[in-house]
Novice: 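Take a look at this one; I'll ask things after.
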Amino acid sequence: MRRRSAHPAFTLLELVVVVVVLGLIVAIAIPRVSRGAENAMLRRLHADTIALQTAIDLYAAEHDGRSPAFDPDGNIDTDHGAIAARLTGRTDARGNLTPAGRFGSYLRSVPQNPYTVCPSIRIDGTTTPQDCSWRLDTAKNTVRSDHTNSPLDDLHSGH
């Protein structure tokens, strides 16, 4: 006859079963959490793209159809900082930045692309210091993610 210990303990078999069950739970949970994070990034990208496109559309509506990519003289301005300033600051009817301007601001700040983590805007394929974030097509006056594998690349083309 075996003597019972005064201190009950788990057997090796019980510990192995607990570790296996915990391993199964982790194996099921990690892919779900990863998909959830990817879906959250995709939803954020979609919302930020819509917000940026809306700001560009409002700017164009108040500036005779001209994109914020155009300077007050009507030339394409490839300086992403100037474009961001036109969207986040106050402008007059020609697009000159002025605190007394009656138009704007359209955004508090240019949103960061969640995939590239920077808030710059490329104009018609020009490069930015980080070469990332958003692309503004001045012919169509549309903005798209500059993330090359973005699932939202065709957001404005209806796909």
Side-chain angles (χ1 to χ4, degrees), residues 19 21-159:
V19 169
V21 168
L22 287 175
L24 287 172
I25 291 171
V26 168
I28 292 169
I30 287 178
R32 287 179 176 243
V33 170
S34 296
R35 279 193 305 266
E38 178 64 27
N39 287 339
M41 279 181 51
L42 181 60
R43 284 190 299 273
R44 179 175 166 210
L45 178 67
H46 186 244
D48 287 348
T49 303
I50 289 171
L52 189 53
Q53 183 64 54
T54 300
I56 290 167
D57 292 343
L58 288 172
Y59 182 95
E62 293 182 340
H63 293 85
D64 295 325
R66 215 171 47 217
S67 165
F70 289 92
D71 67 18
D73 296 327
N75 300 313
I76 291 180
D77 191 346
T78 58
D79 177 11
H80 67 96
I83 294 151
R86 287 187 199 100
L87 291 172
T88 59
R90 311 256 330 141
T91 59
D92 63 15
R94 292 190 61 215
N96 291 304
L97 286 165
T98 174
R102 54 183 207 165
F103 301 113
S105 71
Y106 306 96
L107 294 169
R108 281 191 187 160
S109 62
V110 175
Q112 282 190 345
N113 182 319
Y115 287 93
T116 59
V117 194
C118 66
S120 61
I121 301 172
R122 289 191 328 155
I123 306 303
D124 296 330
T126 60
T127 59
T128 61
Q130 299 90 7
D131 196 21
C132 62
S133 201
W134 309 103
R135 282 177 285 172
L136 177 60
D137 181 339
T138 57
K140 297 177 185 174
N141 209 26
T142 57
V143 68
R144 294 166 56 164
S145 168
D146 206 14
H147 177 59
T148 55
N149 298 321
S150 170
L152 298 178
D153 257 355
D154 296 320
L155 178 68
H156 298 290
S157 64
H159 293 95

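This is a predicted model, so every value here is computed, not measured.
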Novice: Would you say the side chain of R44 lies within less than 4.5 Å of the side chain of Q112, judging by non-hydrogen atoms?
Specialist: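 SC-SC contact between Q112 and R44 confirmed.
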
Novice: What pairs with D79 under side chain to side chain donor-acceptor pair (under 3.5 Å), at least two apart in sequence or on another chain?
Specialist: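 Scan of D79 (side chain to side chain donor-acceptor pair (under 3.5 Å), adjacent residues dropped) gives none.
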
Novice: What pair of heavy atoms forms the shortest contact from T91 to Y59, and how long is it?
Specialist: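 Distance-wise, the nearest heavy atoms are OG1-CE1, 4.2 Å.
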
Novice: OG1 of T78 to CD1 of I76: how many Å apart, nearest 0.5 Å?
Specialist: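 So the OG1 of T78 and the CD1 of I76 are separated by 9.0 Å.
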
Novice: Could you tell me which non-hydrogen atom of S133 sits nearest to which non-hydrogen atom of S120, and how far apart they are?
Specialist: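 Minimum heavy-atom separation between S133 and S120: CB-O, 2.8 Å.
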
Novice: Name all residues meeting the salt bridge (Lys or Arg N to Asp or Glu O under 4.0 Å) criterion together with R90; count only those two or more places apart in sequence or in a different chain, and write none if there are none.
Specialist: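 Partners of R90 by the salt bridge (Lys or Arg N to Asp or Glu O under 4.0 Å) criterion come out as none, since no residue qualifies.
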
Novice: Residues in side chain to side chain donor-acceptor pair (under 3.5 Å) with D137, at least two apart?
Specialist: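 Side chain to side chain donor-acceptor pair (under 3.5 Å) list for D137, sorted by chain: empty.
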
Novice: What is the distance from atom CG of D124 to atom OG1 of T138, rounded to the nearest 0.5 Å?
Specialist: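 Reported value, rounded in 0.5 Å steps: 3.0 Å.
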
Novice: Can you list the steps and then say if L87 with L52 is a side-chain contact (heavy atoms from CB on, under 4.5 Å)?
Specialist: CA-CA 9 Å; L87 291 172; L52 189 53; 4.1 Å; yes

Novice: Only one of L42, I50, T49 clears side-chain contact (heavy atoms from CB on, under 4.5 Å) with H46; which?
Specialist: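 Of L42, I50, T49, side-chain contact (heavy atoms from CB on, under 4.5 Å) with H46 is met by I50 alone.
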
Novice: Among all residues two or more places apart in sequence or in another chain, which pass the side-chain contact (heavy atoms from CB on, under 4.5 Å) test with V21?
Specialist: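 side-chain contact (heavy atoms from CB on, under 4.5 Å) check on V21 returns V17, I25.
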
Novice: Does the side-chain contact (heavy atoms from CB on, under 4.5 Å) test come out yes or no for Q53 and T142, once each step is laid out?
Specialist: CA-CA 6 Å; Q53 183 64 54; T142 57; 3.8 Å; yes

Novice: Testing the basics here: between M41 and P114, what is the closest heavy-atom pair and its distance to 0.1 Å?
Specialist: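 Closest pair (atom of M41, atom of P114, distance): CE-O, 3.4 Å.
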
Novice: Do P68 and I56 have side chains that get closer than 4.5 Å, going by heavy atoms?
Specialist: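 Yes - at least one pair of side-chain heavy atoms lies under 4.5 Å apart.
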
Novice: With a 3.5 Å cut-off and sequence neighbours excluded, list the donor-acceptor pairs that the side chains of residues 101-109 form with protein atoms.
Specialist:
{"residue": "Y106", "atom": "OH", "partner": "E62", "partner atom": "OE1", "Å": "2.5"}
{"residue": "Y106", "atom": "OH", "partner": "G104", "partner atom": "N", "Å": "3.4"}

Novice: Less than 3.5 Å apart, any donor N or O on the side chain of S67 or N141 sitting next to an acceptor on the other?
Specialist: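 There is such a pair (donor and acceptor under 3.5 Å, judged by atom type) between the side chains of S67 and N141.
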
Novice: Test: salt bridge (charged side-chain N to carboxylate O under 4.0 Å, His left out). Region: residues 64-77. Which pairs qualify, not counting sequence neighbours?
Specialist: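 Qualifying pairs: D73-R94, D77-R86.
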
Novice: Looking only at heavy atoms, what is the nearest atom pair of A69 and I83, with distance?
Specialist: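 Of all heavy-atom pairs spanning A69 and I83, the closest is CA-CG1, 3.8 Å.
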
